[in-house]
Amino acid sequence: MLLSIDEKAAKWFTNEFEINTVRMYPQYDGFGEKHKGFSLAFSAESPSNIGFTKELNGINFYVEGNDVWFFEDTETCLSYNEEMKEIQISFKETFAIN
């Protein structure tokens, strides 16, 4: 599991939500690039069972242990789209080398 967050994306979270803890989780919505029927969602809540965490510019991005399946074998990339003025999410498959 890899997580890439560019500086502008982290700043977007700070400006839009004034938060320093971001939960990333799969949300069932009928669409989805990585897993059919699921997309990536965010919430501002305290962790209870961290499966993965990454800190950037004072913001703690985390995934609960029961949500790690959504991110396995994938690099999740969060970037800021200047034209749309919002977060852009992309997924890149990664493969473990044995």
Side-chain angles (χ1 to χ4, degrees):
M1 176 178 167
L2 297 170
L3 178 61
S4 299
I5 305 166
D6 72 23
E7 298 276 335
K8 290 181 180 180
K11 186 174 173 90
W12 179 86
F13 280 98
T14 301
N15 292 341
E16 290 292 316
F17 300 105
E18 299 178 2
I19 56 176
N20 62 1
T21 302
V22 177
R23 177 183 176 202
M24 300 172 48
Y25 63 97
Q27 175 177 302
Y28 185 75
D29 68 1
F31 299 100
E33 181 181 331
K34 178 171 168 32
H35 294 287
K36 188 174 183 163
F38 291 90
S39 63
L40 182 59
F42 307 98
S43 67
E45 59 186 88
S46 298
S48 62
N49 180 26
I50 294 177
F52 178 82
T53 188
K54 180 172 186 164
E55 189 272 333
L56 180 63
N57 294 346
I59 302 171
N60 294 306
F61 295 88
Y62 75 95
V63 175
E64 289 286 345
N66 60 338
D67 293 330
V68 169
W69 63 268
F70 182 80
F71 301 90
E72 289 177 336
D73 301 324
T74 303
E75 179 179 3
T76 303
C77 305
L78 303 179
S79 58
Y80 181 74
N81 184 311
E82 295 280 349
E83 187 176 301
M84 297 176 68
K85 306 280 190 235
E86 63 183 43
I87 293 295
Q88 182 171 321
I89 303 163
S90 61
F91 301 98
K92 298 176 187 174
E93 293 297 320
T94 60
F95 300 98
I97 298 173
N98 294 330

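Here the structure is a predicted model, which is why all the values come from computation and not from measurement.
The CE atom of M24 sits 5.5 Å away from atom OG1 of T76, with the distance rounded to the nearest 0.5 Å. The structure places CD1 of I89 at 9.0 Å from OG of S79, a figure rounded to the nearest 0.5 Å. Here the straight-line distance linking atom NZ of K85 with atom CG of N15 works out to 12.0 Å at 0.5 Å rounding.
With contacts defined as side-chain heavy-atom distances shorter than 4.5 Å, the pair P47/T21 qualifies. Side-chain contact check for I50 versus F52: every heavy-atom pair is 4.5 Å or farther apart.
Nearest heavy atom pair, residue I5 against residue A10, reads CG2-N, 4.1 Å. The shortest heavy-atom contact between E86 and W12 is CA-NE1, 3.9 Å. The two residues F38 and P26 make their nearest non-hydrogen contact at CD2-CB, 4.1 Å. Between G51 and V68, the shortest heavy-atom contact is CA-CG2, 3.9 Å.
Listed for the T74 side chain is a donor-acceptor partner under 3.5 Å among the backbone atoms of E72. With hydrogens and angles ignored, the 3.5 Å screen pairs a side-chain donor or acceptor of K54 with a backbone N or O of L3.
Both W69 and L40 sit in one connected hydrophobic cluster of ILVMFWY residues. Membership requires side-chain heavy atoms under 4.5 Å apart, directly or through other members. Residues L2 and Y25 fall into different hydrophobic clusters, defined by Ile, Leu, Val, Met, Phe, Trp and Tyr side chains chained together at heavy-atom separations under 4.5 Å.
Applying the side-chain hydrogen bond (donor to acceptor under 3.5 Å, both in side chains) test to E64 and every residue at least two apart in sequence or in another chain returns S48. Applying the ring-ring contact (aromatic ring centres under 6.0 Å, His included) rule to F42 yields the partners F13; only residues at least two apart in sequence or on another chain are considered. Under the side-chain contact (heavy atoms from CB on, under 4.5 Å) criterion, N81 pairs with E83, M84, Q88, not counting sequence neighbours. Evaluation of the side-chain contact (heavy atoms from CB on, under 4.5 Å) rule for K8 yields D6, Y80, E82 as partners, not counting sequence neighbours. Every residue meeting the side-chain contact (heavy atoms from CB on, under 4.5 Å) condition with A44, not counting sequence neighbours, appears here in chain and number order: I19.
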Name the atoms and distances for all side-chain donor-acceptor pairs under 3.5 Å in residues 56-63, with sequence neighbours left out.
| residue | atom | partner | partner atom | Å |
| --- | --- | --- | --- | --- |
| N57 | ND2 | E7 | OE1 | 2.7 |
| Y62 | OH | E45 | O | 2.9 |
| Y62 | OH | S46 | O | 3.4 |

